[in-house]
Every structure is written in structure tokens, then in C-alpha cells.
Amino acid sequence: MRIDIITVLPEMLEGFINESILARAQKKGLAEIHLHNLRDYTTDKWRRVDDYPYGGFAGMVMQCEPIDRCISALKAERSYDEVIFTSPDGERFDQHVANDLSMKENMIILCGHYKGIDQRVRDHLITREISIGDYVLTGGELAAAVMADAIVRVVPGVIGDEQSALSDCFQDDMLSAPIYTRPAEYKGWKVPEILLSGNEAKIKEWEMEQAMERTRRLRPDLLDR
Ligand code: ADE
């Protein structure tokens, strides 16, 4: 899988893609993440990527031209399954979207600025607009980092024990059961007896009940899906 991230702030993402799970996936040859500085696709000496809006509205607007030039250059090298724009009014990012995107070969993520992008980019170049939650960030870089992390970690082989990606909370629209490690007792705080019993069937049943109870209490909305 290959993810190309287009941004005006590549420095913000550089450390992240070279340190996190993304670095591990890249070392294993399971993913490639490339950053593209949008300013490298400008033609003026100020390397401007935005301009004043038509209609006398406030703020600045990211221009079509550098974005189109960057996306065209990428598309000349390979084909892309998705060109994603990070935006608070996009479809909501969740585990299902992460799973779906983890099966794509190549994707572009354009880090946007809400209200600040020429609509023609959205109309002609973008295939999917994605929001990471109902709040407004100052730019799409954090959203791109969140998405890349969640997408790459479910690519088979990226995290050692495949079972652990499959048993993540949200994989079944449920929160996870509580989990413990040694010692069995610390300061009088005890690990539930059932987990020490060695009875696998009973432990599975307990886990299921705990997960259900937690989901009902903290995220009842998940059970409606
Ligand atoms: N850009 C600004 N806010 C965002 C959000 N919530 N999700 C994705 N991109 C954004």
C-alpha cells in the first residue's frame, strides 16, 4: 500500500511517519508513505498556494492550480484508488472506513483547510471527503496522521500478532473487555478470579459479557448499528 500525503506543512508529519507504526510498516515493506510539499508545485517566487475568495468573503482560499499540478504529477506515475480530502464536513472516519481503505493499493490524502479550498478541487479531483470527528482543526495534517495510522495498522502483517488487530475494540462495533497482566494481586487490587481459572470457554463468555456491559454503558450508539 502507498499513501501520498499532500500538505503545506510536511515538517509536521515527517517525525510522525518515521517514528510510529508507519515506520515499522515501511521497514517491513508493507506500506510506503510519501509527503509532498504543496509549495513545490507553485510557479511564483512567493510559492503562494492561496488567494482571496471571489464574492468578498473573509479568509484565504487554497487555489486549484498547485493542487491539480501535484495530483497530476502523482497520477502520471501510478493510478490511485482514492483521492481523499480531509474535511470536517466529510464522511465520518471510523474502523470500518479504516478497514476499507486498508485494502486499497494507492491513495492520496490532501490536507485541507476548512472553507479554505476552491470548490473545483472538491468537484473534479477528490473522490472522498473524510472527517475524523465533529470538531474543526486548523488544518488537515492531524487528520491525515490519524487516518494513515489507523489504516496502516490493519494492513495484514503490520502489527505482529494479527489476532490483535482483529480483536481491537470497534472491529465488532463493540468496546473491548478489560485486560490484566501479572501480578494477580497488587496492593489488594485483584485480577478477576475467572481469568486465573484456565477455563477457556468460561473466560470467553466472561469477556463477551464485560465487552457488552462496557459498550452498553459507554457507547450505546454502537449497538444500534
Ligand atoms: N480539518 C479540519 N477539521 C477536520 C476534521 N474534524 N476532520 C478532518 N479534517 C479536518
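All residue numbers in this chain count up from 1 along the given sequence. First listed ligand is number 1; within each ligand, the first listed atom is number 1. None of the values given here were measured: they were computed from a predicted structure. Both backbone and side-chain heavy atoms feed into the values below; hydrogens, waters and symmetry mates do not.
- The ligand atoms of ligand 1 that sit less than 4.0 angstrom from a heavy atom of L137 are 2 (C), 3 (N), 4 (C).
- Considering backbone and side-chain N/O atoms, V136 never comes within less than 3.5 Å of an N/O atom of ligand 1.
- Per-residue contacts place A143 under 4.0 angstrom from the following atoms of ligand 1 (heavy atoms of the residue considered): 8 (C), 9 (N).
- Between the side chains of Y80 and R78, at least one donor N or O lies within less than 3.5 Å of an accepting N or O.
- Within the 4.0 Å heavy-atom criterion, the part of I130 lying near ligand 1 is the backbone and not the side chain.
- Side chains of N18 and E14: a donor-acceptor N/O pair is absent below 3.5 angstrom, by distance only.
- For P88, heavy-atom contacts with ligand 1 shorter than 4.0 Å involve the backbone as well as the side chain.
- Taking a cutoff of 4.0 Å between a charged side-chain nitrogen and a carboxylate oxygen, E207 and K204 qualify as a salt bridge.
- Every N/O-N/O distance between G112 and ligand 1 stays at or above 3.5 Å.
- Under a 4.0 Å N-O distance rule, the pair D40/R47 qualifies as a salt bridge.
- Between R122 and E129 a salt bridge is recorded (basic side-chain N to carboxylate O distance below 4.0 Å).
- For ligand 1, the polar-atom distance check finds no N/O of T138 at less than 3.5 Å from any of the ligand's N/O atoms.
- Between the side chains of D89 and S87, at least one donor N or O sits under 3.5 Å from an acceptor N or O.
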